[in-house]
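Below you will find the structure I want to go over with you.
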There are 2 protein chains.
Amino acid sequence: MTNTKGPLELLLRNLELRTPLSEADRSAVLSLPFTPKTLEPSTYTVREGDPPDRCAVLLSGFAYRQKLTGDGDRQIVAIHVPGEATDFQNLLLDVADHSVQMLTRGDVAFVARRDLQELIRTRPAVGQAVLVKILVEAAIFREWVLNVGRRDARTRLAHLLCEFALRLEAEGLADRYGYELPMTQEQLADATGLTPVHVNRVLKALQADGLIQRSKRNVSFPDWERLRQVGDFNQRYLHLEPQLSVTEPHPRSG
Amino acid sequence: MTNTKGPLELLLRNLELRTPLSEADRSAVLSLPFTPKTLEPSTYTVREGDPPDRCAVLLSGFAYRQKLTGDGDRQIVAIHVPGEATDFQNLLLDVADHSVQMLTRGDVAFVARRDLQELIRTRPAVGQAVLVKILVEAAIFREWVLNVGRRDARTRLAHLLCEFALRLEAEGLADRYGYELPMTQEQLADATGLTPVHVNRVLKALQADGLIQRSKRNVSFPDWERLRQVGDFNQRYLHLEPQLSVTEPHPRSG
DNA sequence: CGTACGTTTGATCTTTCTCAATAATGGTGG
DNA sequence: CCACCATTATTGAGAAAGATCAAACGTACG
């Protein structure tokens, strides 16, 4: 257990994107004990069926959540970008109902779940920031249900690319006009409920239509606005603005 | 604003299903101010784009969350059963990213969002219970992504019927061998990402195979275990047991 | 420089959708 | 109780999106 200050600043920034915190709260977050580690692609961070006793904060690299059907088909249900904690979803649940794995190589800071629970208990404003993040993650799950349930392959993929663009932009990691997409076509298929073959064809079609440019893992968007339209993308569900609706500070009570 | 005690006991029971509360916490929940109202089918409880300033607790009847694509296709992303609060998902978000509507006629208790926020601030254990509920709702969203993304029509519908059975059973409203299903085939289609026509055919096939029995809106399951298998249904994601991991330190080490 | 992984392509097949009717059903006013 | 209307359920025929199968092609890297 180290206690250096640097790494968790990324998490703090992520939380403050939507929920600004006081100095005291910030330093409470920064002084969480953690264990740094570098993980290889596909390393498990949480495993379905296990009690989730720790939470990995992504310092660099990407991770994804996945579920499997009875006959082994995989569905990726979320992607996590650097700065995000990969396990708020299990904060208060006894057994993980899905797995989280590294998408790329990356550095993480493991935080004990108990410490996280303790933090949000003693620092209600931090608890609020975490809850906001949890609610936004849920909003993204809902949009994915819509994406996979009601949009055709072309729209689905364009939508995913748009979401990724805005989330990376929000973290200051890229802009909406292009970025390094760390997913294979098979993973894109698992995230969109398609087959890799079809993903390949659709990506090519998007490229042929001048909606995306690809070279290696880099994608760029010559005409963002048109891609946005094709992807039926409306960023509202990302709730990227600071969420102010919670009015007053907290008078003590017990 | 009334302050009778009865109605909110249903909400309390719902929360305590997974998070038992102390006497003091219970009475704090029960003394939430609320406004009772009877709502007709398809009445909005929350509307996309609006600031969610109140939360409807379902006292009787069912509700659903839905999102729309740009060209008007509907996806139902969640169903709520009696006893549930229909708007924990917007507890700390400024603008609703989806709508909630009544599925059936039903009685609700409107609780001001501010009061709810106040409650969880002053009563951390209640806040915890609410957070557990929010996390379980997110777990259901994830399962729906899998359901809609990776399962065929037959499995998808069987899965939905199983989920419904267990959730109703948990509320003491039915058992897993049958219940009153308040959804039209069109709504079932919107919940599974299918068309009404196909839902009709698949339901008939399930019936022909002796997996379900239908008469009016009533469905029953002559062979639950087989339905469970056909629906690839594993109840883990519903987290129906009391979630104890928070209160007590873990017997395991890290 | 060979092996593993990822991408691309073609041909064919299936599930599910679409379009279009027709039948039930439930609720309403008379 | 009946006639009427609006939903909802059911059925059929044809079309289409996407899946499956199989193979070839690139590329990274030990």
Side-chain angles (χ1 to χ4, degrees), chain A residues 40-42 64 69 71-76 101-105 147-160 180-209 212-219 230 232, chain B residues 40-42 64 69 71-76 101-105 147-161 180-208 212-219 230 232:
Chain A
E40 294 304 314
S42 96
Y64 63 94
T69 63
D71 36 64
D73 286 345
R74 184 220 320 263
Q75 175 72 42
I76 291 179
Q101 284 174 270
M102 292 302 287
L103 184 54
T104 63
R105 192 169 201 277
N147 203 35
V148 160
R150 285 296 185 214
R151 295 204 255 248
D152 65 20
R154 177 186 175 85
T155 312
R156 236 182 262 187
L157 272 166
H159 190 281
L160 186 68
E180 210 65 30
L181 180 68
M183 300 173 74
T184 66
Q185 292 181 7
E186 182 171 22
Q187 289 162 338
L188 284 172
D190 286 338
T192 49
L194 299 168
T195 51
V197 172
H198 200 56
V199 166
N200 182 275
R201 293 193 227 268
V202 172
L203 285 180
K204 281 190 42 186
L206 287 173
Q207 182 155 39
D209 293 350
I212 67 176
Q213 283 273 315
R214 293 176 297 158
S215 68
K216 316 247 175 189
R217 286 292 158 70
N218 190 75
V219 277
V230 167
D232 187 26
Chain B
E40 295 304 313
S42 95
Y64 63 93
T69 63
D71 36 64
D73 286 345
R74 185 220 318 263
Q75 176 71 44
I76 292 178
Q101 285 175 271
M102 293 300 289
L103 184 55
T104 63
R105 194 169 199 278
N147 203 34
V148 161
R150 285 294 184 215
R151 295 205 255 248
D152 66 20
R154 177 187 175 85
T155 312
R156 237 182 263 187
L157 272 166
H159 190 281
L160 186 68
L161 293 175
E180 210 63 32
L181 180 68
M183 299 173 76
T184 66
Q185 293 180 5
E186 182 171 22
Q187 290 162 339
L188 285 172
D190 286 338
T192 48
L194 299 168
T195 51
V197 172
H198 200 55
V199 165
N200 181 276
R201 293 193 227 267
V202 172
L203 285 179
K204 281 190 42 186
L206 288 173
Q207 182 155 38
I212 68 175
Q213 282 275 315
R214 293 177 299 158
S215 69
K216 316 248 175 189
R217 286 293 157 71
N218 191 76
V219 278
V230 166
D232 188 25

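Note on naming: letters A, B, ... go to the chains in the order of the sequence lines (proteins, then strands), and numbering restarts at 1 for each one.
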_Which residues pass the side-chain contact (heavy atoms from CB on, under 4.5 Å) test with A:R201, not counting sequence neighbours?_
A:V197
_Could you work out, with side chain to side chain donor-acceptor pair (under 3.5 Å) as the rule, every residue matching B:D152, not counting sequence neighbours?_
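Scan of B:D152 (side chain to side chain donor-acceptor pair (under 3.5 Å), adjacent residues dropped) gives B:T155.
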*Under the side-chain contact (heavy atoms from CB on, under 4.5 Å) test, which residues partner B:P41, sequence neighbours left out?*
B:R105
*List the steps and the verdict of side-chain contact (heavy atoms from CB on, under 4.5 Å) for B:T69 and B:Q75.*
CA-CA 8 Å; B:T69 63; B:Q75 176 71 44; over 6 Å; no
*What string of B, S and - do you get for nucleotides 10-18 of chain C, 5' to 3', when a contact is any protein heavy atom under 4.0 Å?*
BB----SSB
*Residues that B:N218 engages under side chain to side chain donor-acceptor pair (under 3.5 Å), provided they are two or more places apart*: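 B:N218: no side chain to side chain donor-acceptor pair (under 3.5 Å) contacts found.
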Write down the protein N/O and nucleotide N/O pairs, taken from nucleotides 5-8 of chain D, whose separation is under 3.5 Å; answer none if there are no such pairs.
| residue | atom | partner | partner atom | Å |
| --- | --- | --- | --- | --- |
| D:dT8 | O3' | B:R217 | NH2 | 3.3 |

*Whole-Å distance between C:dT7 P and A:L206 CG?*
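Distance check: A:L206 CG to C:dT7 P gives 15 Å.
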_Check this one for me: any side-chain N or O of A:N200 less than 4.0 Å away from OP1 or OP2 of C:dT7?_
no
*Just jot down the side-chain contact (heavy atoms from CB on, under 4.5 Å) partners of A:R214, sequence neighbours excluded, or say none.*
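Once residues adjacent in sequence are excluded, the partners of A:R214 under the side-chain contact (heavy atoms from CB on, under 4.5 Å) criterion are A:Q185, A:L203, A:K204, A:Q207, A:I212, A:V219.
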*With sequence neighbours excluded, tell me which residues meet side chain to side chain donor-acceptor pair (under 3.5 Å) with B:N147.*
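By the side chain to side chain donor-acceptor pair (under 3.5 Å) rule, B:N147 matches B:R151.
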*asked:* Under 4.0 Å between a side-chain nitrogen and a carboxylate oxygen: does that hold for A:D209 and A:R154?
replied: yes
*Using the test side-chain contact (heavy atoms from CB on, under 4.5 Å), find all partners of A:A158 that sit at least two apart in sequence or belong to another chain.*
A:L227, A:V230
Please enumerate all protein N or O atoms sitting under 3.5 Å from an N or O of nucleotides 26-30 of chain D, with distances to 0.1 Å.
| residue | atom | partner | partner atom | Å |
| --- | --- | --- | --- | --- |
| D:dA28 | OP1 | A:K216 | NZ | 2.9 |

*Take A:D232 and B:D71 through the side-chain contact (heavy atoms from CB on, under 4.5 Å) test and state the conclusion after the steps.*
CA-CA 9 Å; A:D232 187 26; B:D71 36 64; 6.0 Å; no
